[in-house]
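Notes for the one structure printed next.
Basis for what follows: all heavy atoms, side chains included, without hydrogens, waters or symmetry-related copies. If you're wondering where the values come from, they're calculated on a predicted model, not measured in any experiment. Throughout, numbering of the chain's residues begins at 1 and tracks the sequence.
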Amino acid sequence: MRSILVVDDEPSIVTLLKFNLEQSGYSVLTAEDGNTGLDLALTEQPDLIVLDLMLPGMDGMDVCKTLRQEKMNTPILMLTAKDEEFDKILGLELGADDYMTKPFSPREVVARVKAILRRSQVEALAEKAAEEVFSIGDLEIHLDKYDVYYKEELLVLTPKEFELLLYLANHKGKVLSRDQLLNGVWDFHYDGDTRIVDVHISHLREKIEEDSKRPEYIRTIRGFGYKLEGPVE
């Protein structure tokens with residue numbers, strides 16, 4: 001389960017974000033001042049930080065700057081009130097990945113969190129792989145070019161099909177529920193509608209399987225979900 005650190009000095013906002021993020025399948029840590037938030041970020045290593053700009057003690061800008069100086073690349077979503085001075089360019093230069101102004105919709109925050117995590121996952125995998133090819137059987141995923149080959153033939157995938165395949169590949173051999181795939185690949189517009197997962201799995205199978213009715217790569221685990229693995233030799 002991915003973890004989110006929420007750092008904000010307004011208890012009502014912390015409670016609201018914690019509830020909505022947990023409902024979306026995230027584990028949530030909280031802090032109400034900059035120093036505590038910095039300590040938790042360094043010790044707990046969350047997957048993403050929702051960070052308020054104006055905090056007691058160390059403010060959000062200084063927390064962000066310190067984390068980047070410590071070579072911590074965790075994505076940061078900065079929060080700021082409309083009447084606060086916030087230099088977006090400076091914030092991004094210091095290392096924030098995105099920012100939102102208060103008041104905001106909790107659903108929009110969750111959507112931003114999902115989008116940032118998806119983007120950071122793809123970027124991290126691409127950087128790690130550089131020009132390497134992720135291979136499973138006759139399936140090859142070229143992360144640097146966003147290309148997929150089956151038996152050396154280039155496949156034409158939609159962006160969402162590529163994201164789905166990449167997410168499955170990053171969890172190779174692990175059974176993923178439809179809700180996990182929904183939260184990992186789609187945004188809040190599809191919350192609760194897992195049929196979209198089945199449709200895209202079906203389309204993906206038609207492109208990467210020799211026989212989509214007898215899939216060798218994307219296996220259905222009845223009662224649980226799907227998992228990606230290589231064909232049995």
Side-chain angles (χ1 to χ4, degrees), residues 1-127 163 167 180 182-191:
M1 180 182 294
R2 289 192 160 191
S3 61
I4 310 295
L5 170 61
V6 176
V7 187
D8 197 298
D9 63 339
E10 296 184 55
S12 59
I13 290 180
V14 171
T15 300
L16 185 65
L17 291 179
K18 179 177 171 63
F19 173 78
N20 282 273
L21 287 166
E22 287 180 340
Q23 288 294 303
S24 296
Y26 298 107
S27 170
V28 181
L29 302 166
T30 64
E32 295 186 2
D33 64 81
N35 297 92
T36 303
L38 178 62
D39 290 341
L40 280 174
L42 293 172
T43 57
E44 298 298 327
Q45 300 286 309
D47 293 294
L48 183 142
I49 302 169
V50 179
L51 180 63
D52 189 28
L53 176 64
M54 300 300 292
L55 294 167
M58 182 181 289
D59 67 23
M61 284 288 199
D62 286 335
V63 172
C64 182
K65 182 178 180 180
T66 302
L67 289 173
R68 295 311 185 227
Q69 288 174 341
E70 293 293 325
K71 308 300 182 185
M72 188 171 179
N73 296 320
T74 303
I76 295 174
L77 173 60
M78 192 79 77
L79 301 179
T80 175
K82 284 186 176 180
D83 59 351
E84 292 170 353
E85 290 188 16
F86 179 68
D87 188 329
K88 177 182 178 182
I89 301 301
L90 177 59
L92 296 178
E93 286 179 348
L94 288 176
D97 294 81
D98 201 354
Y99 84 102
M100 293 183 64
T101 56
K102 301 176 183 178
F104 48 71
S105 161
R107 287 171 64 85
E108 184 181 357
V109 174
V110 172
R112 292 281 189 97
V113 165
K114 291 179 180 180
I116 293 170
L117 286 174
R118 283 203 308 272
R119 185 170 67 244
S120 64
Q121 179 187 41
V122 171
E123 290 172 353
L125 285 172
E127 288 177 7
E163 285 185 43
Y167 192 84
Q180 284 176 302
L182 194 65
N183 288 328
V185 181
W186 281 268
D187 59 28
F188 73 96
H189 295 296
Y190 297 103
D191 276 354

One should read off an interatomic distance between L38 CG and K65 NZ, to the nearest 0.5 angstrom, of 13.5 Å

Please walk me through it: do V6 and Y26 pass side-chain contact (heavy atoms from CB on, under 4.5 Å)? CA-CA 12 Å; V6 176; Y26 298 107; over 6 Å; no

State the CD-OG1 distance between Q45 and T43, to the nearest 0.5 angstrom. 8.0 Å

Compare all side-chain heavy atoms of L55 with those of V7 and state whether any distance is below 4.5 angstrom. yes

Between L79 and L51, is any pair of side-chain heavy atoms under 4.5 Å apart? no

Any chance you could measure M100, atom CE, to L77, atom CG, to the nearest 0.5 Å? 6.5 Å

Is the shortest side-chain heavy-atom distance between N20 and V109 below 4.5 Å? no

Apply side-chain contact (heavy atoms from CB on, under 4.5 Å) to the pair R68 and I76, showing each step before the final yes or no. CA-CA 10 Å; R68 295 311 185 227; I76 295 174; 3.7 Å; yes

Flag for D33-T36: side-chain donor and acceptor within less than 3.5 Å: yes

Write down the atom of A96, the atom of C64, and the distance for their closest heavy-atom approach. N-SG, 3.5 Å

Heavy-atom pair of closest approach, residues K18 and V28: NZ-O, 3.6 Å

Basic-acidic side-chain contact under 4.0 Å: D8, K102: yes

Calculate, to the nearest 0.5 Å, the distance between atoms CG and CD belonging to L16 and E10 respectively. 11.0 Å

So OG1 of T74 and CG of L42: to nearest 0.5 Å the spacing works out to 9.0 Å

Test side-chain contact (heavy atoms from CB on, under 4.5 Å) applied to A41 - qualifying residues, sequence neighbours left out: L5, I49, L67, M72

Can you name the nearest heavy-atom pair linking M1 to S27, along with the distance? SD-N, 3.5 Å

Please report the shortest heavy-atom distance between P56 and D9, naming the atom on each side. CD-CB, 3.6 Å

If I compare all heavy atoms of D47 with all of R2, which pair ends up nearest, and what's the gap? OD2-CA, 3.2 Å

In terms of heavy-atom contacts, P46 and I4 come closest through CB-C, 4.5 Å

Tell me if a side-chain donor or acceptor on D59 pairs with a main-chain N or O of D62 at a distance below 3.5 Å. yes

Are D98 and K114 within salt-bridge range, i.e. N to O under 4.0 Å? no

Heavy-atom neighbours of F104 CZ exceed 12 at 6.0 Å: yes

For the CG atom of L53 and the OH atom of Y99, what is their distance to the nearest 0.5 Å? 11.5 Å

